[in-house]
Amino acid sequence: MTPGQVLLFAVGGLANAAYLFIVAAGLSLVFGALRVINMAHGSLYMIAAFVTVVIGNQLGAGLGFWGGMLVAVAVAGAIGGVVEVLVLRRVYGREHLVQLLGTYAVSLIIAGAVRIVFGANYRTIVSPIPGHLDLGGYSYASYSLFMIAAAIAIGCAVWAMLYRTSLGRNIRAAVADPDLLNATGVNVTRLYTTVFMIGAALAGLGGSIVAPSQAVGSSIDTDVLVLAFAISVIGGLGSIVGSAVGALIVGMVISFGLVIPATNPFALAFVFIIMTAVLIVRPRGLFGLPES
Amino acid sequence: MTLVPRSVRPLVWVALALAVTVVVAACGGQPSGNQSQSFKGTKKVGYSAPLTGQSALYGHAVSQSLQLAADDINAKGGVNGYKIEMDIQDDGTTVPQAVSNTKNMILQDNVVALMGSVTSAQCLAESPIAKQNKVITIDATCNSWQLTMQPDIVNPYWVSIVPNTYMEGTAAGRLAAKLNVGKIFIVSPKYLFGISETNAFVAALKKANSSTQIVNDPSTWYVPFPTNPRWDSTINAIQAAKPDLVYSNIFAADQINFIKQALAVDPQFFVKYPMTTLVSVDELNSLGSQYPEGMHAYMRAPFFALQTNNARLTDFISRYRAKYNNEYPSDWAVMDYDAFMLWAQAANAAKSFDADQVIKQVSGHTFDSLRGYKITIRSDELQANVGETTGTTTSSGGTYPFPVLKDVTNLKGDDLLMPLQMVNEIKGNQCDAKAGDPTTASFALCPSWKAS
């Protein structure tokens, strides 16, 4: 493999990692703050992708995408708020199985509704950032580079929100002791709703960003959820840094694993081997905190 | 007053959510057929459909087509005097759910026939269940030749009316050989269909043009199926290998994602690296004008290439579009309509729903087809002599909202069918890599293939 090819596959791995991190960031935020494993996360991502494509195509290529993205993020956040109030608020503090079942039921409802509203056909939207970069004899999609930049920006924004804002301080305090935080006058119930809406909006942002690069259909929720959970487990559920590292590991393993003949047959399996190894050696993930 | 204990409330919500899901799913069901006829009763025909998952697009088209076929049959008095009701159950394009659906349809719903599922992996799992329960299956989508020939899989009630992987791979191999290119890169889904078709492609290619070089290692021909939606790895591997031609049999969402992402890397990607690929109307329609022109396509039943002097197909298209929101029928819709009609005709001729009786009216018999020619079911392996359409993608000039083919060749099924001697060699365990192990059967190991 020449240095140019190493760079080519590394950038491919980064693009893959960016795609996964964008989806997993909201998942990690919600688990970190609320200790809820949100099986409906992929559904919110899917709804946002559909909304982006439909509105983007209505408004026209290019600028239409950005308008679609704004609406999609708002829609995903709003649905997240409704789900939190109607379902999650009733399962906080329960065992994870109840939370899993509750959010899984939500995902099934959304999947059925999406099929009725948007139909079975795949929908596509033209990339708002066309063009490519030629380097060393190989081409790189501008949109993939944008996705990498967007993933970095989202990661930094979530980190800054958690560690540089009063909202983030309250979220961290709620994780440590929600009753004490409540006693200080902070409305923890509303805080939880806000966090879940942010997580849902992040899922929506992920769906919007990914939409121009792939076929948007009624199965994209499950396509992404398995790998998003895998990187969350590897990095540590609830850790944004962990999700970034997990995404990087998975992205690179897939990118290089598939092109090397000796590793091709096991490339995807290797992701889950890593996940299993992490679960055995360090169950809370590489950067996760132990459950109190 | 608290009617439900607080500890039970979360479960109530879960139950409520599940109930709503069931209602939502039920709302998406298909309408029933003609109610005005007088029937002896109702019989069900089952179809485990990928209404969700990787192949949702295909399941959607097939389900609509089967419903239309059932309505058409019922309007003519049904089958053996019974009204036919389609029993369509979503399998999410997964094998376990397809198996579960098949068992449910046979054991609980008492279906009198099944239509084959979409993927060969699903069909491979469904076939033994159908065989054990003596339920005839007419298969118009999954197409691995192993399904009708490999000794440990063969099901005497399984009929294939889709060009199998030998036929299709052979068509693709000849198509690629005609292009007279030096270096070919292969990308294929890693499961029975992909492996079976790719092997047939390589065999036909090598036979037609032995100097052609496959540039990627055989272990990298295959990608996991269903695939990660990101195709960076394959696209970059193609860039690194710089082939003259890419051969692919990836399909549905995988093909759409691959094409979109390759075009994002370079709008001239498929000019630099032309592609010979399996295509259906569904992929063309999904990408519309974004689908690249100049692709060397092989297709199973594209309506636009089969319409000439074909009033039956023209009528089907207009009725399908009228019934289904102006959608164009995909290849899958065309083939599964044929599948249903073939079964109905055979069951009527048999005057029975018994699989043994119906199969006698199928094996060796000839049937009309929407494809504009009659198809005959060869009795040796219950495979129809259906053709394949090849051509190069080009703009339809506004006739359709998607590209069509130019330089069309409708290959005849009789020219693509596996030679009978090879069929018998495979069935006789003469083509096994490990003697006596039919799971290792490969037609390229057959004595007659080697001799040719």
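Among the candidates A/Val11, A/Thr103, A/Thr124, the residue making the largest number of heavy-atom pairs closer than 4.5 Å to chain B is A/Thr124. Between chain B and the residues A/Ser255, A/Ser219, A/Pro261, A/Gly12, the largest count of heavy-atom pairs under 4.5 Å involves A/Pro261. Contact tally against chain A (heavy-atom pairs below 4.5 Å) for B/Thr93, B/Leu57, B/Leu263, B/Asp217: the top residue is B/Leu57. When B/Ala56, B/Gly92, B/Gly53 are compared by the number of non-hydrogen pairs under 4.5 Å with chain A, B/Gly53 comes out ahead. Contact count against chain B (heavy-atom pairs under 4.5 Å) is highest for A/Ala141 among A/Ala141, A/Pro130, A/Gly119. The candidate with the highest count of non-hydrogen atom pairs below 4.5 Å against chain B, out of A/Asp134, A/Asn16, A/Val259, is A/Asn16.
Between B/Asn249 and B/Ser188, the side chains place a donor N or O and an acceptor N or O closer than 3.5 Å (distance only, hydrogens not considered). Side-chain atoms of A/Ser144 and B/Arg230 include a donor-acceptor pair closer than 3.5 Å. In this model, no donor atom of one side chain and acceptor atom of the other lie less than 3.5 Å apart for B/Thr220 and A/Asn264.
Ring planes of B/Phe258 and B/Trp231: perpendicular class, angle over 60° (limits at 30 and 60°). Taking the six-membered ring where tryptophan is involved, the planes of B/Phe402 and B/Tyr328 are perpendicular, since the angle between them exceeds 60° and thus also 30°.
Using a 4.5 Å cut-off between heavy atoms, A/Ile260 touches chain B through its backbone atoms (N, CA, C, O) alone. With a threshold of 4.5 angstrom between heavy atoms, A/Met147 approaches chain B through side-chain atoms but not through N, CA, C or O. For chain B, the nearby parts of A/Ser213 are the backbone and the side chain; heavy atoms of each come within less than 4.5 Å. Within the 4.5 angstrom heavy-atom criterion, atoms from both the backbone and the side chain of A/Leu258 approach chain B. For A/Leu268, the part sitting under 4.5 Å from any heavy atom of chain B is the side chain, from C-beta outward, and nothing else. Interface remark: A/Tyr143 contributes no atoms to any contact with chain B (heavy atom separation under 4.5 Å).
B/Ser65 contributes atom OG, which lies 11.0 Å from atom NE2 of B/His60 (distance to the nearest 0.5 angstrom).
Nearest heavy-atom pair, A/Arg35 versus A/Gln99, reported as atom, atom and distance to 0.1 Å: O-OE1, 3.0 Å. Scanning both residues, A/Thr2 and A/Tyr138, for their nearest heavy atoms gives OG1-OH, 4.4 Å. When all heavy atoms of A/Phe50 and A/Ser218 are compared, the closest pair comes out as CZ-N, 4.0 Å.
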Please lay out, stage by stage, how B/Tyr320 and B/Tyr324 fare under the test ring-ring contact (aromatic ring centres under 6.0 Å, His included).
CA-CA 6 Å; B/Tyr320 184 95; B/Tyr324 298 119; 5.0 Å; yes

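Inspection of non-hydrogen atoms places B/Ser233, B/Asn236, B/Ala237, B/Gln239, B/Ala240, B/Lys242 of residues 233-244 of chain B under 4.5 Å from chain A.
A cation-pi arrangement is absent between A/Arg89 and A/Tyr192, since the terminal nitrogen or guanidinium carbon is not both under 6.0 Å from the aromatic centre and inside a 45° cone about the axis.
Of the possible polar contacts, one joining the B/Thr393 side chain to the B/Met295 backbone as a donor-acceptor pair under 3.5 Å is found.
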